[in-house]
Novice: 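I'd like to ask you about the structure that follows.
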Amino acid sequence: MVPPKAQRASDFFRQGRRDKTRPEQDGGGSHSPTPASDQGSDTEALQPPPGDFSLSEAKMAAMLQDLRSSMKEDLQLAVNDIRREVHKVGTRLNVLEEKTDDLCQANDGILERIRLMESEQARLTAKLADLEDRSRRNNIRVRGVPESVAGSDIPGYLQQLFTAIQPNLELADLLLDRAHRVPKPASLARDIPRDIVTRLHYFSAKDAILMVQRKTTAMPSGYEKISLFADLSPMMMARRRDFINVTKCLRNHKIPYRWGFPTKLLIWRNGTLTKLDDPDQGMHKLKAWGLFPDRAPPNHPASPGQVVQEWTKVQRKK
C-alpha cells in the first residue's frame, strides 16, 4: 500500500536528518586517521553542487503544497460528514417538534373534555344528593338515647320526647312511619349509644320539632343528653364538613346562617344576605369582615393544566 502524502513528507524530513548525522558518525570512533589528501577529497565529494539547494527547496515546497492540499481535502470530507449528521438531527428534531405540537393540541382538547366531565359529575353528584335528601326530608336523627331503650319501646319514647319539645303538636300529628337504630362509626367509644333514625308521617310536624329545637338552648327536663339533627345523605354531610371552619367562626360570633341547595351557606349580617358557594370564598369573606377562623379549609386536588409550548420553530436555510 502506498503511504499517505503526509507520511511521505514526514519520511523525507527524517531521511534528511539521518543524512546530516551520518558524516559525523563516520568521522568519530576508533578508526585510524586518514591522510589529509583523502579527507579533502571526501569533503569535496560530500558537498552538493550549488544547484542542488534550489532543487531541494523546490521539492520541499512541492511536498508542503501537496500536504496542504491533502489536509484540506481531509478536513472538507470531515466537515461534509458533520453537515450531513447535523442535517439528519435537524430533520428528526423538526419531526419531533411537529409531533409535540400535535400532542399539545390533543392534550388541550382532552383537558377541556375533562373539565366538562368534572362539572357534569359535580352537577350529577349534587342532584343525586338532593334526591337522596328529599327521600329523607321527613327523617329526624336522634342522638343520645340510652341503649336500655329496646327496639319495641323506641316509638313511644320518641313520641314522648317530641311532645316535650313541641307541646302544641297532638298525638295524631306525631305518627311515626318507622324508627330504628343505625350502626355507629368504629371510631366512637363502645359506651356511646347508637343513633336512632325515625320518619314522621307529616313533614309539618318534623319541621316544627326541629325549629323549636334549633331556637332553644336546653332540652326539656329528663332529655338533657338528647340531640336532634336532620337526617342528611353522606355526600351532603361531606360537603358541609368542608365549611366546618367557616360555620364554627360564624357560631363563635353569633352570626345566623342556614344551608341552601346545592350546598351553600346563606348568611345574614347587618341586614344583608351573603351567599357562599365555596369554602375558600367563605374564608376570604370572613377575613374581609375582620373575622379570622382557626384553620384554612382543606385543599382539594386541582385539575391538570394546559401544556405551555416552550420552544419556537426556526426555519432552516436550505
Side-chain angles (χ1 to χ4, degrees), residues 124-244 246-248 250-251 254 256-268:
L124 293 176
T125 302
K127 187 65 176 177
L128 181 61
D130 178 59
L131 292 175
E132 186 175 355
D133 290 330
R134 288 178 184 274
S135 67
R136 300 176 180 222
R137 65 194 305 263
N138 285 24
N139 293 0
I140 295 180
R141 181 178 287 263
V142 185
R143 183 168 298 169
V145 178
E147 291 285 348
S148 59
V149 179
S152 58
D153 299 332
I154 289 178
Y157 182 89
L158 294 180
Q159 287 179 343
Q160 294 177 6
L161 171 64
F162 297 154
T163 303
I165 295 174
Q166 180 56 277
N168 297 328
L169 292 176
E170 298 181 359
L171 188 60
D173 298 330
L174 298 177
L175 178 61
L176 304 182
D177 293 339
R178 59 181 177 270
H180 59 86
R181 292 189 182 269
V182 294
K184 64 180 180 181
S187 58
L188 294 181
R190 298 183 59 181
D191 57 343
I192 298 178
R194 294 172 293 171
D195 293 350
I196 295 176
V197 174
T198 180
R199 173 182 172 82
L200 281 77
H201 188 76
Y202 299 104
F203 175 78
S204 57
K206 173 255 184 181
D207 192 52
I209 293 171
L210 291 182
M211 185 68 68
V212 173
Q213 195 269 341
R214 281 194 294 265
K215 292 181 178 179
T216 58
T217 57
M219 295 292 288
S221 177
Y223 303 101
E224 290 83 359
K225 296 183 179 180
I226 304 299
S227 302
L228 303 182
F229 305 94
D231 185 34
L232 300 175
S233 63
M235 287 183 289
M236 183 65 69
M237 293 298 296
R239 180 63 175 151
R240 289 189 178 185
R241 276 194 294 269
D242 293 340
F243 288 86
I244 187 171
V246 179
T247 56
K248 181 180 178 181
L250 293 175
R251 288 193 300 269
K254 298 182 180 181
Y257 67 91
R258 65 184 181 88
W259 294 101
F261 174 82
T263 307
K264 64 170 103 25
L265 276 178
L266 303 176
I267 304 173
W268 285 98

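What you see is a predicted model; the values in this text were computed from it and never measured. By convention here, the first residue in the shown sequence is residue 1.
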Novice: Under a 4.5 Å cut-off applied to non-hydrogen side-chain atoms, are W259 and L265 in contact?
Specialist: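 Sidechains of L265 and W259: in contact.
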Novice: Are the side chains of I196 and H180 in touch, meaning some heavy atoms are under 4.5 Å apart?
Specialist: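 I196 vs H180: side chains apart.
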Novice: Return yes if some donor-acceptor pair links the side-chain N/O of Q159 with the main-chain N/O of L171 below 3.5 Å, else return no.
Specialist: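 Not at all, since once roles are kept as given, no pair shorter than 3.5 Å links the two residues.
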Novice: What closest approach, in Å, do T247 and I244 show between heavy atoms, and which atom pair accounts for it?
Specialist: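 Heavy atoms of T247 and I244 come nearest at OG1-O, 3.0 Å.
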Novice: Any heavy-atom pair between the side chains of L250 and F243 that's under 4.5 Å?
Specialist: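 Not in contact.
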Novice: If I take atom CZ from residue R136 and atom NZ from residue K206, how far apart are they, to the nearest 0.5 angstrom?
Specialist: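 Rounded to the nearest 0.5 Å, the CZ-NZ separation comes to 12.0 Å.
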Novice: Report yes or no: does E132 contribute a side-chain atom to a donor-acceptor pair with the main-chain N or O of D130 at less than 3.5 Å?
Specialist: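 A pair under 3.5 Å: no.
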Novice: Please determine whether side-chain contact (heavy atoms from CB on, under 4.5 Å) holds for the pair L228 and I165, giving the CA-CA distance in whole Å, both sets of side-chain angles, and the decisive distance to 0.1 Å.
Specialist: CA-CA 11 Å; L228 303 182; I165 295 174; 3.3 Å; yes
Novice: If I compare all heavy atoms of M236 with all of T263, which pair ends up nearest, and what's the gap?
Specialist: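 Minimum heavy-atom separation between M236 and T263: SD-OG1, 2.9 Å.
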Novice: State, to 0.1 Å, how close P220 and A164 come at their nearest heavy-atom pair, and which atoms those are.
Specialist: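 Of all heavy-atom pairs spanning P220 and A164, the closest is CG-O, 3.6 Å.
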Novice: Nearest 0.5 Å, please: how far is OG in S148 from OH in Y157?
Specialist: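 One finds 8.0 Å between OH of Y157 and OG of S148.
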Novice: Which pairs with one or both residues in residues 192-203 pass side chain to side chain donor-acceptor pair (under 3.5 Å), sequence neighbours excluded?
Specialist: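 For residues 192-203: R141-D195, R143-D195, E147-R194, D177-R199, D177-H201.
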Novice: Rounded to the nearest 0.5 Å, what's the gap from CG on L176 to CG on N138? Could you check?
Specialist: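 If we round to the nearest 0.5 Å, L176:CG and N138:CG are 11.0 Å apart.
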Novice: Taking atom NZ of K225 as the centre, does the number of heavy atoms from other residues, nucleotides or ligands within less than 6.0 Å exceed 12?
Specialist: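 No, NZ of K225 has 12 or fewer neighbouring heavy atoms, counting only those of other groups under 6.0 Å.
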Novice: How about L158 and I154: do any of their side-chain heavy atoms sit closer than 4.5 Å?
Specialist: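 Touching, per the 4.5 Å side-chain cut-off.
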Novice: With a sphere of 6.0 Å drawn around CZ of R258, does it hold more than 12 non-hydrogen atoms of other residues, nucleotides or ligands?
Specialist: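 Atom CZ in R258 is not packed in, count stays at 12 or less.
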Novice: Is there a side-chain contact between F162 and P167 in this structure, where contact means two heavy atoms from C-beta onward sitting under 4.5 Å apart?
Specialist: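 F162 does not reach P167 side chain to side chain.
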Novice: With a 4.5 Å limit on heavy-atom distance, are the side chains of Y223 and V145 in contact?
Specialist: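 They are not in side-chain contact.
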Novice: Kindly compute the distance separating CD (Q166) from CG (D173), expressed to the nearest 0.5 Å.
Specialist: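 Rounded to the nearest 0.5 Å, the CD-CG separation comes to 10.0 Å.
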Novice: Taking the side chain as C-beta and beyond, is there a heavy-atom pair between L169 and T163 under 4.5 Å?
Specialist: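 Result no, sub-4.5 Å side-chain heavy-atom pair not found.
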Novice: Say you draw a straight line from OH of Y257 to NZ of K264; how long is it, rounded to the nearest 0.5 Å?
Specialist: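 Going from OH on Y257 over to NZ on K264, the span is 15.5 Å.
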Novice: Please report the closest heavy-atom contact between R240 and L232, naming both atoms and the distance.
Specialist: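 Reported closest heavy-atom pair: NH1-CD1, 3.1 Å.
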Novice: Tell me if the CZ atom of R134 is crowded by more than 12 foreign heavy atoms within 6.0 Å.
Specialist: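 Count not over threshold, so no.
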Novice: To the nearest 0.5 Å, tell me how far L161 CG sits from Q213 CD.
Specialist: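 One gets 9.5 Å once the value is rounded to the nearest 0.5 Å.
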Novice: Going by heavy atoms in the side chains, are N139 and L200 under 4.5 Å from each other?
Specialist: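 In short, these two side chains do not touch, never coming nearer than 4.5 Å.
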Novice: For the pair D133 and R137, find out whether any cationic side-chain nitrogen is under 4.0 Å from an anionic carboxylate oxygen.
Specialist: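 Answer for the salt bridge query: no.
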